J.: 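First the structure, then my questions, so here it is.
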Amino acid sequence: MPEKRTIPAQSENFSEWYIQVVLNSGLAEYAPVRGCMIIKPYGYALWQNIQTELDRRIRETGHLNVYFPLLIPVSFFAREAQHIEGFAKECAVVTHYRLHWDAHQQQIAPDPDAQLTEPYVIRPTSETIIWHTFRKWIQSWRDLPIKINQWANVMRWEMRPRLFLRTSEFLWQEGHTAHATRQEAEQEARQMHQMYLEFFREYLAIEPYTGWKSPRERFAGAEQTYTLEGIMRDGKALQMGTSHFLGQNFARAFDVQFTTQEGTREYVWATSWGVSTRLIGALVMAHGDDHGLRLPPRLAPIQVVIIPIWGKDEPAVEDACQQIARMLQQAGIRTHIDLDREHRPGWKFHEYELRGVPVRIVIGPKDIQQRAVEVARRDTGEKQTLPWNDQLPTAIHDLLHTIHNTLLNQYKAFQQQITVEATSFQQMAQALQDGKVVCVPWAGSDHHEEQLQEQHNVTIRCLWTDDYEEPCIVTGQKTRVRALIAPAY
RNA sequence: CGGGGCGUAGCGCAGCCUGGUCAGCGCGCCGGGUUUGGGUCCCGGAGGUCGCCGGUUCGAAUCCGGCCGCCCCGACCA
């Protein structure tokens with residue numbers, strides 16, 4: 001039986017595979033505006049599952065949710081020099097507050113009489129408006145720390161958009177904190193970085209590389225940027241989250257000082273950190289295969305799909321499906337029954353594989369007779385028959401757990417296998433040529449990094465320290481610092 | 001911004017070179033029947049000012065000029 005393939009093989013054309021999986025699995029589709037996407041119910045359910053757990057962890061670590069406005073006066077961006085340099089090129093600007101019918105052009109257009117005296121920027125990130133506000137909120141050491149978070153949309157007018165990975169508008173969570181001491185702010189930035197790592201491991205089944213960014217790759221306005229770098233199945237790195245130690249840069253830019261316990265005046269120390277809908281792109285590219293998505297069970301909108309095989313006695317089959325669904329739902333398992341009569345079972349098997357549903361249960365006349373169900377795993381494709389009894393929900397629950405671990409272990413094995421350690425520039429170049437990502441001793445400068453990009457089209461994704469010293473591959477200087485070098489999204 | 005591709009039915013496409021029964025196919029949709037343990041099959045039906053503007057011509061989806069938009073690859077970025 002020839003398979004009707006709607007998506008190309010991953011190995012054939014990864015980029016096209018990615019686009020087709022996103023579109024055909026029902027995660028998202030293109031919007032009328034370039035670079036924007038419509039996040040469809042299935043994709044949004046996935047995002048909401050990410051939100052729910054992440055929000056819990058953010059609040060658990062002492063942060064309160066807030067909402068700041070979408071529009072920011074353009075002058076706010078002039079305050080912090082690096083910040084404006086980083087974002088100016090990609091800002092959408094609101095200049096008018098009214099449309100009118102332009103009789104000359106025969107179209108609706110901004111009313112020239114309704115031009116704003118000061119244009120507003122649609123936020124590309126909220127540091128500026130938040131620090132403008134912090135000035136009002138902070139006078140004394142008693143006002144600190146302030147630890148807030150907001151779930152919002154932001155807009156960055158990207159040159160080259162890509163579904164979920166780099167859309168002009170995207171959804172994210174941005175945390176912003178203010179502290180009395182450098183040490184406390186640094187601690188906060190590292191803590192949230194660690195929180196992301198645990199969340200990725202426990203929910204996305206991805207354990208990315210972690211470390212800090214080189215000065216070149218740092219957030220505009222940060223003193224230190226901590227990052228999480230996942231390696232996708234095509235060997236390219238994807239920045240999955242960041243946490244910035246902002247020093248006193250924004251406090252100085254917005255003149256936010258406080259009176260210490262000793263009565264002196266000091267600038268406030270800051271952090272900001274965030275993850276976005278890009279994580280959905282990471283899930284697709286880290287776990288997906290030729291059949292489509294493979295969603296980690298703790299985030300999957302549908303954890304178990306039940307597919308009936310109708311046979312002669314349809315009511316009996318439907319009833320059996322309902323009973324089992326109820327049993328699973330009562331055990332807290334997100335279960336969906338597909339009672340659609342139009343499509344045959346084979347069609348449905350393919351459909352739910354494309355959509356990455358972790359577990360499929362098939363129920364037909366045979367199963368009813370034997371008081372058993374056929375259970376298939378999306379991650380490995382394995383099928384097994386489980387008895388239809390009180391133990392079923394527990395068995396499925398355990399299976400979901402196993403699937404999570406399998407996905408995580410497969411990811412880790414892949415990441416380990418694609419990573420090579422090099423002790424010379426030559427070795428590194430060869431490994432990159434072979435499609436590997438490379439870990440090297442590094443004490444180079446911005447200049448060396450620029451050369452890497454020009455010559456090999458790769459960047460330093462992150463830096464960390466090892467226990468022993470090795471000579472840097474570009475300077476020969478002994479160093480404990482290691483760099484992960486890879487092509488990136 | 002550079003390179004490439006595309007715009008014809010809801011979706012995917014053919015037709016364009018060589019202007020004239022070229023308004024066509026597949027999927028989907030609607031109606032009826034059949035089938036259901038890995039993408040059933042058959043019959044009937046609805047649906048398009050061929051991206052926009054202008055030109056050439058007796059005649060333009062097709063040729064010419066201009067404009068607009070989208071996608072892919074690169075430089076920038078979560």
Side-chain angles (χ1 to χ4, degrees), chain A residues 1-6 13-16 18-20 23-24 29-37 85-91 106-107 124-125 153-174 196 213 216-220 225 227-230 237-244 272-282 291 307-314 317 338-354 360-370 372-374 376 381 383 385 453-454 457 459 487-489:
Chain A
M1 182 65 75
E3 244 182 51
K4 217 190 289 175
R5 190 178 285 289
T6 54
N13 184 343
F14 192 87
S15 176
E16 183 63 19
Y18 173 79
I19 292 164
Q20 293 308 327
L23 296 175
N24 289 308
E29 65 184 50
Y30 292 107
V33 175
R34 189 191 109 91
C36 293
M37 65 176 173
E85 201 184 313
F87 286 105
K89 309 182 292 279
E90 54 190 43
C91 285
Q106 286 290 297
Q107 63 183 8
T125 179
N153 58 341
V154 288
M155 178 157 268
R156 298 179 186 179
W157 212 265
E158 300 289 354
M159 295 180 195
R160 186 148 124 59
R162 228 159 154 351
L163 290 165
F164 284 112
L165 303 177
R166 204 182 306 101
T167 44
S168 302
E169 181 188 7
F170 58 92
L171 306 182
W172 77 347
Q173 149 281 306
E174 50 178 326
Y196 286 142
K213 286 289 190 189
R216 259 174 72 89
E217 298 275 327
R218 228 175 250 158
F219 175 74
T225 288
T227 183
L228 301 105
E229 301 283 328
L238 180 74
Q239 181 166 3
M240 295 175 61
T242 50
S243 182
H244 314 293
S272 69
W273 29 272
V275 301
S276 72
T277 36
R278 175 181 267 193
L279 290 181
I280 293 176
H291 299 283
I307 296 176
I309 306 293
W310 295 117
K312 299 273 188 285
D313 190 356
E314 292 195 11
V317 171
D338 189 341
L339 294 173
D340 188 327
R341 254 75 169 184
E342 296 305 314
H343 296 294
R344 299 170 86 242
W347 190 94
K348 293 180 185 176
F349 295 168
H350 286 271
E351 182 68 11
Y352 290 100
E353 277 162 17
L354 175 59
R360 178 184 72 223
I361 293 180
V362 175
I363 299 169
K366 283 188 231 165
D367 308 285
I368 293 173
Q369 201 182 359
Q370 292 163 15
V373 293
E374 182 194 273
K383 290 180 193 173
T385 302
Q453 185 153 18
E454 280 167 15
N457 200 29
T459 47
Y489 276 97

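Computed over heavy atoms, backbone and side chain alike; hydrogens, waters and symmetry mates excluded. Here is how names work: the chains are called A, B, and so on, in the same order as the sequence lines, proteins then strands, and each is numbered from 1. Computed from a predicted structure; not experimentally measured.
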J.: Should B/G31 form a Watson-Crick or G-U wobble pair with both distances under 3.5 Å, which nucleotide is its partner?
T.: B/C43
J.: Pick the closest RNA chain B nucleotide for A/Ser15 and for A/Gly311 by heavy atoms, then say which residue is nearer the 5' end.
T.: A/Gly311
J.: I need the NZ-C1' distance between A/Lys312 and B/U36, as an integer number of Å.
T.: 10 Å
J.: Between B/U36, B/A78, B/G38, spot the one nearest the side chain of A/Ile309, thanks.
T.: B/U36
J.: Look at all strands and tell whether A/Gln239 reaches a base, only sugar-phosphate, or nothing, counting heavy atoms closer than 4.0 Å.
T.: sugar-phosphate
J.: Nearest whole angstrom, please: distance from the P of B/G37 to the CH2 of A/Trp347.
T.: 15 Å
J.: Round to a whole Å and report the spacing from CZ of A/Phe87 to P of B/C76.
T.: 16 Å
J.: What's the CD-P distance between A/Glu229 and B/A78, to the nearest Å?
T.: 10 Å
J.: Between B/C76, B/G39, B/C77, spot the one nearest the side chain of A/Lys89, thanks.
T.: B/C76
J.: Write down the partner of B/C11 under the Watson-Crick or G-U wobble criteria, each distance required to be under 3.5 Å.
T.: B/G26
J.: Let me know, please, whether A/Tyr489 or A/Glu374 comes out on the 5' side of the other along RNA chain B by nearest nucleotide.
T.: A/Glu374
J.: How far does the C1' atom of B/C68 sit from the matching atom of B/U21, given to the nearest Å?
T.: 34 Å
J.: With a 4.0 Å cut-off on heavy atoms, is A/Arg34 in touch with a base, just the backbone sugar-phosphate, or nothing at all?
T.: sugar-phosphate
J.: Check the pair A/Met155 / A/Trp157 against side chain to side chain contact (heavy atoms under 4.5 Å, CB included), numbers first and verdict last.
T.: CA-CA 6 Å; A/Met155 178 157 268; A/Trp157 212 265; 3.9 Å; yes
J.: Please state whether the phosphate of B/A78, meaning OP1 or OP2, lies under 4.0 angstrom from any side-chain nitrogen or oxygen of A/Thr277.
T.: no
J.: Grab the CZ-P distance between A/Phe14 and B/C72 for me, whole Å please.
T.: 15 Å
J.: Scan A/Glu314 against the nucleic acid and name what it touches under 4.0 Å (heavy atoms): base, sugar-phosphate only, or nothing.
T.: base
J.: Using atom C1' of each nucleotide, how far apart are B/G4 and B/A78 to the nearest Å?
T.: 28 Å
J.: Under 4.0 angstrom, heavy atoms only, what part of the nucleic acid is A/Ile19 near: base, sugar-phosphate, or nothing?
T.: sugar-phosphate
J.: Considering Watson-Crick and G-U wobble pairs with both distances under 3.5 Å, what does B/C1 pair with?
T.: B/G74
J.: Give A/Tyr30 one of three labels, base, sugar-phosphate or nothing, depending on what nucleic acid heavy atoms sit under 4.0 Å from its own.
T.: sugar-phosphate
J.: When you check the gap from the basic side-chain N to the acidic O, do A/Lys366 and A/Glu374 get nearer than 4.0 Å?
T.: no
J.: In sequence, state the C-alpha distance, the side-chain angles, and the governing distance for A/Arg156 and A/Glu169, and then conclude on salt bridge (charged side-chain N to carboxylate O under 4.0 Å, His left out).
T.: CA-CA 6 Å; A/Arg156 298 179 186 179; A/Glu169 181 188 7; over 6 Å; no
J.: Roughly how far apart, to the nearest Å, are B/G15 and B/G20 at atom P?
T.: 14 Å
J.: When you check the phosphate oxygens OP1 and OP2 of B/C11, does a side-chain N or O of A/Gln20 lie under 4.0 Å from one of them?
T.: no
J.: With rounding to whole Å, what would you report as the distance between B/C52 and B/C6 at their C1' atoms?
T.: 16 Å
J.: Are A/Pro161 and A/Thr167 side-chain neighbours, meaning at least one heavy-atom pair lies under 4.5 Å?
T.: no
J.: Can you find a heavy atom in the side chain of A/Ile309 that is under 4.5 Å from one in the side chain of A/Val362?
T.: yes
J.: Aromatic rings A/Phe170 and A/Trp172: how do their planes relate, parallel, tilted or perpendicular, breaks at 30° and 60°?
T.: perpendicular
J.: B/G28 base to A/Glu342 side chain: any donor-acceptor pair below 3.5 Å?
T.: no
J.: Whole Å only: how far is the CD atom of A/Glu353 from the P atom of B/G38?
T.: 12 Å
J.: Classify the nucleic acid contact of A/Lys348 as base, sugar-phosphate or nothing, counting any heavy atom under 4.0 Å across all strands shown.
T.: nothing
J.: So, is A/Arg344 close to the B/U35 phosphate, meaning a side-chain N or O under 4.0 Å from OP1 or OP2?
T.: no
J.: Could you tell me how far B/G69 sits from B/U56 if I compare only their P atoms? Round to whole Å.
T.: 27 Å
J.: When you check the gap from the basic side-chain N to the acidic O, do A/Glu351 and A/Arg360 get nearer than 4.0 Å?
T.: no
J.: Are side-chain N/O atoms of A/Arg278 and A/Gln239 paired as donor and acceptor at under 3.5 Å?
T.: no
J.: Heavy atoms only, 4.0 Å cut-off, all strands: where does A/Pro365 land among base, sugar-phosphate and nothing?
T.: base
J.: Please confirm whether the shortest side-chain N or O distance from A/Asn457 to OP1 or OP2 of B/A75 is below 4.0 Å.
T.: yes
J.: Taking donor-acceptor contacts at under 3.5 Å, does the side chain of A/Lys383 reach the base of B/G38?
T.: yes
J.: Roughly how many Å apart are B/C63 and B/G2, using the C1' atom of each and rounding to a whole number?
T.: 30 Å
J.: Rounding to an integer number of angstrom, what distance separates B/G66 and B/U62 when you compare their P atoms?
T.: 16 Å
J.: Taking atom P in both B/C25 and B/A9, what distance in whole Å separates the two?
T.: 14 Å
J.: With a non-hydrogen cut-off below 4.0 angstrom, is A/Glu16 in contact with a base, only sugar-phosphate, or nothing?
T.: nothing
J.: Remember a base hit wins even if backbone is also touched, and classify A/Gly274 as base, sugar-phosphate or nothing at under 4.0 Å, heavy atoms.
T.: nothing
J.: To the nearest Å, how far apart are A/Phe219 CZ and B/A78 P?
T.: 8 Å
J.: Mind checking the CZ-OG1 spacing from A/Arg218 to A/Thr225? Nearest 0.5 Å is all I need.
T.: 7.0 Å
J.: Looking only at side-chain atoms of A/Met159, point me to the closest of B/C76, B/U36, B/C77.
T.: B/C76
J.: With a 4.0 Å cutoff (strictly under), does any side-chain N or O of A/Arg160 reach OP1 or OP2 of B/C73?
T.: yes
J.: Does B/C6 have a Watson-Crick or wobble partner in any strand here, with both distances under 3.5 angstrom, and which is it?
T.: B/G69
J.: For A/Glu29, which contact category applies under a 4.0 Å heavy-atom criterion: base, sugar-phosphate, or nothing?
T.: nothing
J.: Please report, rounded to the nearest Å, how far the C1' atom of B/U40 is from the CH2 atom of A/Trp310.
T.: 17 Å
J.: Closest approach to the side chain of A/Arg162, judged atom by atom: which nucleotide of B/U36, B/G37, B/C73 is it?
T.: B/C73
J.: Could you tell me whether A/Thr167 contacts a base, only the sugar-phosphate backbone, or nothing, with contacts defined as non-hydrogen atoms closer than 4.0 Å?
T.: base
J.: Return the stacking result for B/A78 and A/Trp172: yes when the ring centres lie under 5.5 Å apart and the planes under 30°, no otherwise.
T.: no
